[in-house]
Amino acid sequence: MKEIQKKWWHKSVIYQIYPRSFYDSNGDGVGDLQGIIQKLDYVKLLGVDVIWLSPIYDSPNVDNGYDISDYCSISSEFGTMEDMNKLLLESSKRGIKIIMDLVVNHTSDQHPWFIEAKKSKDNPYRDYYIWRDPVNGKEPNELKSNFGGSAWEFDETTNQYYLHFYSKEQPDLDWGNQKMRSSIWDMMNFWINKGIGGFRMDVIDLIGKDPDKQIKENGPKLHDYLQEMNQKTFGNKDLLTVGETWGATTEDGKLYSDPEGKELSMIFQFEHIQLDKIPGKQRWDLKKLELDELKQVLSKWQYALNEDGWNSLFWNNHDLPRIVSRWGNDREYRVESAKMLATLLHGMKGTPYIYQGEEIGMTNAAFESIEDYIDIETQNIYKERTAAGFSEEDIMESLYMKARDNARTPMQWSNATNAGFSSGKPWMKLNPNYPSVNVESALIESDSVFYHYQKLITIRKQNQTLVYGTYRLLDSEPNIYAYERILEDKKLLIVCNFYEPEAAFSYSTGSHSAVNLLISNYSHSSSDLKNITLRPYEAIMYEII
Ligand code: NOJ
């Protein structure tokens with residue numbers, strides 16, 4: 001077996017903060033940097049050592065900050081650069097690094113580069129973006145925006161179309177332009193010099209696009225650009241870099257996260273996340289998750305990147321529905337199933353990510369009316385599907401299951417007014433279950449979802465097998481997901497009942513004699529591995545020595 005070069009982020013656990021919905025310190029209804037600073041001790045208590053901050057830059061907020069108008073200044077809604085410096089300082093005092101969201105597939109249409117580019121065809125910034133002449137008086141081709149409709153928008157001043165893979169207010173940058181790339185390296189170095197811990201790279205697999213060949217993801221120059229980025233910015237700085245890559249295969253995963261370190265530390269792959277949609281269709285076209293498919297996909301990634309790369313482990317982020325509502329049971333087994341899903345994921349090899357609120361088992365938004373949904377993607381899909389003849393009931397069911405707003409409701413800190421998130425009117429409606437699901441009560445109850453996550457993180461810090469052990473999927477009855485992690489003569493066994501009916505499991509420890517139960521989501525879980533009956537959503541991690 002190859003000796004893997006150890007990195008600090010191999011044993012890290014990362015906590016994603018969506019600042020707008022985290023904690024509002026000044027009562028304007030929007031979360032802010034001072035709010036994050038005030039909650040750093042909470043984040044520390046959970047035990048994570050890295051925060052991924054969703055965008056906090058200047059932005060007109062067409063896509064909640066993923067449309068950036070100035071990469072080097074802080075949106076006044078969130079605070080000032082002084083607040084940002086304070087956040088970096090206070091986090092570092094607590095041993096927490098901050099990774100920034102790098103959104104460089106596109107800018108806002110209010111970014112000075114685009115304002116200049118629009119002025120004339122010979123403006124020095126014109127080629128920072130992608131412009132094409134009309135073809136037969138229409139869009140240059142059939143490319144579609146990920147938010148619905150054509151990816152081309154006509155600009156009347158210069159009689160050309162520009163490309164936007166998201167909203168028309170998010171024009172795509174032209175990565176073929178070396179000058180543009182240099183401007184991005186300067187900006188990244190500005191943040192690196194401030195002492196950040198790394199970058200999460202938004203839809204990074206789109207930057208190699210070839211619009212004329214209608215290639216969006218994994219374009220021909222993608223890896224060249226990433227290698228150049230690595231050399232010009234973070235390459236020799238020991239930072240954590242994670243790319244968002246919706247279209248990645250395991251082969252791509254190896255290229256990106258090759259331990260030789262020419263590109264990124266790891267990627268977010270989304271194969272497992274797409275198992276509950278009808279293949280080849282949109283994620284709104286719902287299909288029930290098959291546990292066997294989940295096992296196959298997660299195992300495939302575990303095997304493929306065992307030595308030749310590194311996995312990220314996640315169920316949630318600001319674009320995804322809440323996992324306990326999605327693949328758990330957010331009613332009578334909310335706590336048990338949230339802990340089961342946590343155990344299943346955190347037992348694997350890779351760097352785990354926790355999205356704010358996941359650690360207290362927050363659930364989907366449960367909005368009944370389209371008016372309550374704020375997200376531009378949701379509003380567009382609602383209109384598109386209504387026009388295409390889908391029934392209202394069908395559309396609302398898809399939104400209830402998959403809308404991004406499910407993850408974006410304000411963090412539930414307590415059962416006080418507005419869940420203790422803000423003393424003003426929150427920018428977005430709260431999940432009505434905050435009187436029972438909130439941080440304050442999670443911290444009081446010793447068997448809460450919070451303490452389960454905290455324990456999983458502690459085990460990771462103390463257990464090399466959990467960090468570096470090789471993964472092996474075990475045969476089991478269909479409702480159970482069981483696997484081993486093996487490092488030299490030590491083993492971990494993770495066994496999870498993914499559903500409500502009781503399920504039997506049996507395991508032979510072979511020549512090993514001692515079995516320690518490390519964590520379970522029930523009291524009195526069995527250690528008789530020859531014959532276990534797992535209760536609804538029961539999940540156990542054993543150490544076998
Ligand atoms: C992925 C981000 O996670 C999402 O929130 C955003 O809308 C798109 N990229 C566009 O930046």
Side-chain angles (χ1 to χ4, degrees), residues 14 16-22 31 51-71 75 99-111 114 129-130 143-149 151 153 162-173 175 184 187 199-209 216-218 222 241-248 264 266-270 273-274 282-284 312 314-322 353 355-356 358 365 373-381 399 402-409 427-428:
I14 296 166
Q16 183 191 352
I17 291 184
Y18 195 67
R20 180 167 293 276
S21 296
F22 193 59
I51 290 173
W52 151 24
L53 214 52
S54 276
I56 38 82
Y57 319 96
D58 250 351
S59 163
N61 281 319
V62 169
D63 186 18
N64 284 1
Y66 284 87
D67 48 322
I68 298 171
S69 51
D70 184 347
Y71 289 110
S75 157
I99 68 170
M100 301 295 281
D101 219 311
L102 183 77
V103 188
V104 290
N105 173 65
H106 45 266
T107 65
S108 157
D109 63 347
Q110 300 307 307
H111 192 290
F114 192 70
Y129 297 87
I130 298 171
L143 274 174
K144 295 275 174 268
S145 152
N146 292 341
F147 285 167
E153 180 70 13
Y162 66 84
L163 184 76
H164 61 91
F165 281 160
Y166 291 88
S167 76
K168 64 180 179 3
E169 293 85 1
Q170 292 164 292
D172 273 46
L173 287 164
W175 276 75
I184 299 290
M187 174 273 282
F199 294 103
R200 174 266 183 185
M201 302 185 181
D202 192 66
V203 290
I204 204 69
D205 57 348
L206 300 185
I207 64 172
K209 73 203 86 166
K216 285 176 121 173
E217 294 164 336
N218 298 322
L222 169 63
T241 50
V242 51
E244 186 198 21
T245 60
W246 278 82
L264 308 178
M266 64 191 109
I267 56 164
F268 293 128
Q269 63 81 19
F270 290 86
I273 286 303
Q274 302 188 67
Q282 290 183 298
R283 73 174 199 278
W284 313 108
S312 69
F314 72 100
W315 295 130
N316 279 112
N317 66 34
H318 62 290
D319 294 331
L320 302 174
R322 295 279 181 184
Y353 289 72
Y355 176 67
Q356 66 182 47
E358 179 184 339
Y373 288 94
I374 295 183
D375 182 18
I376 179 174
E377 183 196 41
T378 305
Q379 290 297 335
N380 287 353
I381 203 73
L399 298 186
K402 297 282 182 73
R404 306 196 298 181
D405 283 335
N406 282 312
R408 299 178 181 184
T409 57
W427 73 280
M428 186 182 184

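We count ligands from 1, going down the list as the structure has it; atoms in each ligand are counted the same way.
- For His106, the closest heavy-atom approach to ligand 1 falls below 4.0 Å.
- For atom 5 (O) of ligand 1, the closest heavy atom belonging to the protein is Asp319 OD1, 2.8 Å.
- Residues Asn146 and Tyr166 bring a donor and an acceptor atom of their side chains to less than 3.5 Å of each other.
- The residue Met201 has no part lying near ligand 1, judged by heavy-atom distances below 4.0 Å.
- Asp202 OD1, 2.9 Å is the protein heavy atom nearest to atom 1 (C) of ligand 1.
- For the pair Asp172 and Lys216, the salt-bridge criterion is not met [side-chain N within less than 4.0 Å of a carboxylate O].
- Scanning the protein for heavy atoms near atom 8 (C) of ligand 1, the closest one is Tyr166 CE2, 3.8 Å.
- A donor atom on one side chain and an acceptor atom on the other are found under 3.5 Å apart for Asp101 and Tyr66.
- When heavy-atom distances to ligand 1 are checked against a 4.0 Å cut-off, Arg404 comes that close only through its side chain, counted from C-beta outward.
- Which parts of ligand 1 touch Phe147 is read off a 4.0 Å heavy-atom cut-off, strictly below it: atoms 7 (O).
- Separating the CZ atom in Phe314 from the CD1 atom in Ile14 is a distance of 12.0 Å, to the nearest 0.5 Å.
- A salt bridge does not link Asp319 to Lys402: none of the charged side-chain nitrogens sits closer than 4.0 Å to a carboxylate oxygen.
- Close approach of ligand 1 to Arg408 (heavy-atom distance below 4.0 Å) involves ligand atoms 5 (O).
- Expressed to the nearest 0.5 Å, how far CG of Leu320 lies from CZ of Arg283 amounts to 7.5 Å.
- When only non-hydrogen protein atoms are considered, atom 7 (O) of ligand 1 lies nearest to Asp63 OD2, 2.5 Å.
- Between Thr107 and Tyr71, the side chains place no donor N or O within less than 3.5 Å of an acceptor N or O (distance only, hydrogens not considered).
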